[in-house]
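Shown next, in structure tokens, is the structure this report addresses.
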Amino acid sequence: MTPPISDIFSSLLKAHGSRGWWPLRELRRQDPQSGGYHPGDFSLPVSAAQRFEIGVGAILTQNTTWKQVEVCLDGLERAGLLAPEPLLLAPVQVIEKAIRPGGYFRQKARKLCEYSRFFRQWDPEPPPRPELLSVWGIGEETADSILLYAYKQPFFVVDAYTRRLLERLFGEADPRYASLQEKLTKSFLHLEPVRRAQVFNEFHAQVVHQSKTFCRSRPLCRGCPLESVCASAGRLV
DNA sequence: AGCCAGGCTACCG
DNA sequence: CGGTAGCATGGC
């Protein structure tokens with residue numbers, strides 16, 4: 001029988017250790033080994049610049065890899081564009097050039113401008129989710145990434161990794177975002193919001209790591225920490 | 001050399 | 001509503 005979601009979280013945490021999301025470039029500069037991650041430290045982000053960087057990263061990473069996002073963040077910084085005001089003043093072609101390696105660079109340049117305006121309006125106040133969703137270019141996953149990782153609000157991020165992992169673990173299910181999010185969060189509602197946000201932060205980071213190591217697009221089930229509870233165990237590679 | 005990568009909007013039936 | 005074409009680059 002399927003174990004409670006919280007048991008899956010415990011198994012992942014035990015197997016992989018604390019992951020330390022969201023990656024921040026300042027930390028990566030201080031210690032390149034860290035990759036910008038900060039395991040066990042839920043105090044971050046601590047500044048408007050860091051919150052903005054997380055939002056920009058959340059937009060840039062839409063349907064691309066984090067490695068490409070880092071190139072784009074470097075490009076923006078070199079152009080002096082890693083802040084709301086400069087982004088709003090810059091010619092769109094300059095922004096596009098800086099973020100080209102991330103793909104969809106025309107759409108994303110516009111999204112960064114739309115988000116800059118929104119950020120200036122709300123930060124440091126955590127924006128209401130519907131307000132965030134009304135910004136052009138920000139859908140449910142990007143909104144929840146910003147709310148959880150930039151503003152420490154307890155929203156679980158459902159991304160492609162999460163969908164794939166849940167589908168493998170539980171088989172076919174309701175694929176709608178809200179449904180998956182509810183499945184993942186309902187057993188944590190007794191926690192205080194601050195603590196719940198920390199759990200969602202770590203849990204989502206665990207899902208991503210699990211999905212990059214074992215539960216990949218092409219699965220590698222040997223040694224998987226979830227083998228004993230996975231509906232697909234034995235049917236995949 | 002085609003598939004995939006931490007989605008979203010617009011538009012279709 | 002639910003489903004999907006288009007957006008674009010780079011790595012494997």
Side-chain angles (χ1 to χ4, degrees), chain A residues 12 16 19-25 28 35-38 45 53-76 79 92-118 127 129-151 155-169 172-181 184 200-220 236-237:
Chain A
L12 290 174
H16 301 307
R19 306 308 305 170
W21 274 43
W22 182 286
L24 290 168
R25 19 197 322 93
R28 187 157 68 97
Y37 295 85
H38 40 94
E53 176 186 328
I54 291 170
V56 168
I59 288 167
L60 289 174
T61 199
Q62 290 172 3
N63 205 38
T64 195
T65 59
W66 187 254
K67 176 164 187 174
Q68 297 303 104
V69 174
E70 289 183 331
V71 177
C72 293
L73 289 171
D74 286 341
L76 286 172
V92 68
Q93 293 89 343
V94 174
I95 304 173
E96 291 175 356
K97 192 164 84 172
I99 65 173
R100 178 173 253 125
Y104 306 148
F105 58 88
R106 292 189 188 88
Q107 289 194 349
K108 285 178 182 175
R110 178 182 164 195
K111 292 177 183 181
L112 292 184
C113 291
E114 305 268 354
Y115 181 62
S116 294
R117 197 169 290 108
F118 180 87
R129 192 172 188 268
E131 296 286 328
L132 203 39
L133 286 172
S134 73
V135 178
W136 190 89
I138 297 189
E140 294 188 287
E141 182 198 328
T142 307
D144 287 337
S145 293
I146 292 171
L147 289 167
L148 178 63
Y149 288 110
Y151 293 99
F155 293 89
F156 198 98
V157 178
V158 178
D159 57 11
Y161 291 138
T162 313
R163 292 173 185 282
R164 186 172 70 211
L165 182 62
L166 288 186
E167 184 173 347
R168 298 240 177 98
L169 283 177
E172 296 297 328
D174 188 342
R176 287 174 303 178
Y177 189 98
S179 166
L180 296 172
Q181 191 176 49
L184 285 155
F200 290 171
N201 174 327
E202 184 65 51
F203 193 1
H204 174 249
Q206 292 295 331
V207 168
V208 172
H209 191 66
Q210 169 70 15
S211 301
K212 283 179 170 174
T213 52
F214 295 100
C215 207
R216 314 186 315 179
S217 182
R218 178 69 181 271
L220 288 178
L236 304 173
V237 184

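Per chain, numbering begins at 1; letters A, B, ... match sequence-line order.
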Taking any heavy-atom pair under 4.0 Å as a contact, classify [X]: base, sugar-phosphate, or nothing.
X: A:Arg163; result: nothing
X: A:Gln107; result: base
X: A:Lys111; result: sugar-phosphate
X: A:Gly139; result: sugar-phosphate
X: A:Ile138; result: sugar-phosphate

Indicate whether any N or O donor in one side chain lies under 3.5 Å from an N or O acceptor in the other, for A:Asp144 and A:Tyr149. no
Mind calculating the distance between [atom1] ([X]) and [atom2] ([N]) to the nearest angstrom?
X: A:Ile59; N: B:dC8; atom1: CD1; atom2: C1'; value: 11 Å
X: A:Leu112; N: B:dG7; atom1: CG; atom2: C1'; value: 14 Å
X: A:Asn63; N: C:dA8; atom1: CG; atom2: C1'; value: 10 Å
X: A:Lys67; N: B:dA5; atom1: NZ; atom2: P; value: 16 Å

Whichever of A:His204 and A:Val135 has the more 5' nearest nucleotide on DNA chain B, that residue is A:His204
Exercise. Mapping A:Leu133 and A:Thr64 to their closest nucleotides on DNA chain B, which lands nearer the 5' end?
Worked result: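 Looking at the nearest nucleotide for each, A:Thr64 comes out on the 5' side.
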Return the nearest nucleotide to the side chain of [X]; candidates are [options].
X: A:Gln62; options: B:dA5, C:dG10, B:dC8; answer: B:dC8
X: A:Arg176; options: C:dC7, B:dC8, C:dG2; answer: C:dG2
X: A:Trp136; options: B:dA10, C:dG2, C:dA8; answer: B:dA10
X: A:Ala160; options: C:dA8, B:dA5, B:dG7; answer: B:dG7
X: A:Phe105; options: B:dC8, C:dT9, B:dA5; answer: C:dT9
X: A:Arg106; options: B:dC8, B:dA5, C:dA8; answer: C:dA8

Please confirm whether the backbone N or O of [Y] pairs with a side-chain atom of [X], one donor and one acceptor, at under 3.5 Å?
X: A:Glu202; Y: A:Arg19; value: yes
X: A:Glu53; Y: A:Arg25; value: yes
X: A:Arg218; Y: A:Cys215; value: no

**Item:** Aromatic plane relationship, A:Phe203 with A:Phe156 - under 30° parallel, 30 to 60° tilted, over 60° perpendicular
**Value:** perpendicular
A:Tyr104 over C:dG6, stacked by centroid distance under 5.5 Å, angle under 30°: no
